[in-house]
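The structure is given below, and queries will be raised subsequently.
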Amino acid sequence: MAIGGHHSPVALKDEWLTPPDILDALGSFDLDPCSPINRPWPTAAAHYTILDDGLKQPWHGRVWCNPPYGLEAAKWLDRLADHGDGIALIFARTETTMFFEHVWAKASALLFIRGRLHFRHVNGQRAKANGGAPSVLVAYGERNAAALRNCGIDGHLVMLDATQLTMR
Ligand SMILES: C[S@@+](CC[C@H](N)C(=O)[O-])C[C@H]1O[C@@H](n2cnc3c(N)ncnc32)[C@H](O)[C@@H]1O
């Protein structure tokens, strides 16, 4: 079963890397706080790994965050929302508590990616199976909302700040 599937032991494995074309389309990042120890390519100018514990470190600048999966992910989304400058890549599980608390309530824009991503292994190879679930890019802060609007990644853009204004 793919990583997004339910009840999969593989879902506990964290080393599913972002396809590099997604990163290329979004521009450069200052920090990836959750990066593999041995990475096939940089995802930002600075990286933290599990050896540093990125949640315990200071965050700076524009942050890229494809977080560890499962219940852990909420802590990273919470931190990124507080930081207020960055983009996360997560599964589009729009009904979950994590999504309601850290995405719907706090993000600036979302890009729901068309189709399913094939993540990369730490050796750089493309996974044979797709991620098994839909993915969404979550922007916090104006410049990251603009990056989602201008990136050219095929999908559907939702500007959340505008939505919140019309709901008030
Ligand atoms: C889904 S992968 C994404 C990797 C990379 N950020 C990317 O976008 O390709 C999540 C990464 O978080 C790392 N990780 C897990 N726990 C961590 C921690 N406490 N601090 C820093 N990195 C951690 C894993 O080793 C894994 O490489």
Side-chain angles (χ1 to χ4, degrees), residues 1-93 96 98-99 102-103 107 109-113 115-141 143-144 147-148 151-155:
M1 192 181 281
I3 63 177
H6 288 289
H7 313 302
S8 165
V10 182
L12 298 173
K13 189 170 170 288
D14 279 334
E15 305 300 341
W16 296 97
L17 311 191
T18 305
D21 55 316
I22 297 284
L23 284 158
D24 290 346
L26 295 172
S28 57
F29 290 90
D30 298 305
L31 174 69
D32 181 344
C34 45
S35 164
I37 295 166
N38 296 307
R39 54 185 169 271
W41 43 69
T43 46
H47 305 82
Y48 296 137
T49 73
I50 196 164
L51 300 177
D52 309 303
D53 191 353
L55 281 176
K56 291 193 176 142
Q57 303 298 328
W59 290 18
H60 65 273
R62 186 172 186 242
V63 170
W64 170 252
C65 185
N66 170 3
Y69 295 101
L71 296 176
E72 281 295 292
K75 296 182 198 164
W76 296 86
L77 264 284
D78 187 21
R79 179 75 183 269
L80 185 59
D82 273 359
H83 179 68
D85 183 7
I87 298 179
L89 174 64
I90 58 172
F91 286 125
R93 296 203 166 116
T96 58
M98 178 184 94
F99 217 95
H102 306 305
V103 179
L110 305 177
L111 181 60
F112 290 89
I113 296 174
R116 290 182 177 178
L117 294 178
H118 285 251
F119 290 90
R120 298 295 193 268
H121 298 295
V122 281
N123 64 5
Q125 280 183 349
R126 181 180 190 264
K128 283 201 184 105
N130 68 49
S135 291
V136 61
L137 290 160
V138 184
Y140 297 90
R143 63 171 164 172
N144 297 300
L148 292 194
C151 67
I153 295 170
D154 193 7

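As the structure lists them, so they are numbered: ligands from 1, and atoms in each ligand from 1. The first residue in the sequence is number 1, and the count goes up from there. Model, not experiment: these values are computed from the prediction.
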- Which residue holds the protein heavy atom closest to atom 3 (C) of ligand 1, what is that atom called, and what is the gap in Å? Asn66 O, 3.2 Å
- Any Cys65 heavy atom less than 4.0 Å to ligand 1: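 Per 4.0 Å heavy-atom rule, Cys65 does not contact ligand 1.
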- Message: Any side-chain to backbone donor/acceptor pair from His83 onto Gly61? Under 3.5 Å, distance only.
- Response: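 Side chain of His83 to backbone of Gly61: a pair is present.
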- Task: Provide the full list of salt bridge (Lys or Arg N to Asp or Glu O under 4.0 Å) pairs with a residue in residues 31-54, sequence neighbours left out, each pair given once.
- Result: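 For residues 31-54: Asp53-Lys56.
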- Would you check if the side chain of Trp64 reaches a backbone N or O of Ser28 as a donor-acceptor pair within less than 3.5 Å?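 Such a contact is absent between Trp64 side chain and Ser28 backbone.
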- Message: Suppose we call two aromatic rings close when their centres sit under 6.0 Å apart. Are His102 and Trp76 close by that rule?
- Response: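 His102 vs Trp76: aromatic centres not under 6.0 Å.
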- Query: Quick one: is the NZ or CZ of Arg93 closer than 6.0 Å to the six-membered ring centre of Phe99, and within 45° of its axis?
  - Reply: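 Checked: cation-pi criterion not met.
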- Any idea which protein heavy atom is nearest atom 20 (N) of ligand 1, and the distance to it? Gly54 N, 2.9 Å
- What is the closest protein heavy atom to atom 7 (C) of ligand 1, and at what distance does it sit? Thr18 OG1, 3.4 Å
- Query: Which atoms of ligand 1 sit under 4.0 Å from any heavy atom of Tyr69?
  - Reply: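 Within the 4.0 Å cut-off of Tyr69, ligand 1 contributes 1 (C).
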- Query: How close do Trp59 and Gly54 get, heavy atom to heavy atom, and via which atoms?
  - Reply: NE1-O, 2.8 Å
- Hey, does Trp64 sit under 4.0 Å from ligand 1 if you only count heavy atoms? yes
- Message: Under 4.0 Å, counting heavy atoms only: does Trp41 come that close to any atom of ligand 1?
- Response: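 It does not, in that no heavy atom of Trp41 comes within the 4.0 Å cut-off of ligand 1.
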- Message: Which of the numbered atoms in ligand 1 are under 4.0 angstrom from any heavy atom belonging to Leu17?
- Response: 4 (C), 9 (O)
- Query: Between Leu111 and Ile153, is any pair of side-chain heavy atoms under 4.5 Å apart?
  - Reply: yes
- Atoms of ligand 1 under 4.0 Å from any heavy atom of Pro33, numbered from 1 in the order shown, are 21 (C), 22 (N)
- Give the atoms of ligand 1, by number and element, whose distance to some non-hydrogen atom of Glu15 is under 4.0 Å. 24 (C), 25 (O), 26 (C), 27 (O)
- Message: At less than 4.0 angstrom from any non-hydrogen atom of Pro36, what atoms of ligand 1 do you find?
- Response: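 Ligand 1 atoms under the 4.0 Å threshold to Pro36: 4 (C), 27 (O).
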- Mind checking the CZ-NE2 spacing from Phe29 to His47? Nearest 0.5 Å is all I need. 11.5 Å
- Run the numbers for me: atoms of ligand 1, each under 4.0 Å from some heavy atom of Trp16, listed by number.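 It comes down to these atoms of ligand 1: 1 (C), 2 (S), 3 (C).
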- Query: N/O to N/O below 3.5 Å, does that happen between Asp53 and ligand 1?
  - Reply: yes
- Task: From the options Leu51, Thr49, Asp32, Val122, select the one whose nearest heavy atom is closest to atom 5 (C) of ligand 1.
- Result: Asp32
- Item | Shortest protein contact, atom 14 (N) of ligand 1 (heavy atom only) | Pro68 CG, 3.9 Å
- Message: If you compare all heavy atoms of Leu89 against all heavy atoms of Phe119, which two are closest, and at what distance to 0.1 Å?
- Response: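 Taking Leu89 first and Phe119 second, the nearest heavy atoms are CD2-CE2, 3.8 Å.
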- When distances are taken from atom 2 (S) of ligand 1, the protein heavy atom at minimum range is Asp14 O, 2.9 Å
- Message: Main chain of Leu51, side chain of Thr49: is a donor-acceptor contact present, judged purely on distance under 3.5 Å?
- Response: yes
- Task: Measure up the Trp16 and His121 rings against each other and bin them: parallel (under 30°), tilted (30 to 60°), perpendicular (over 60°).
- Result: tilted
- Query: Is the shortest N/O to N/O distance between Cys34 and ligand 1 below 3.5 Å?
  - Reply: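 Yes, there is a polar N/O contact under 3.5 Å.
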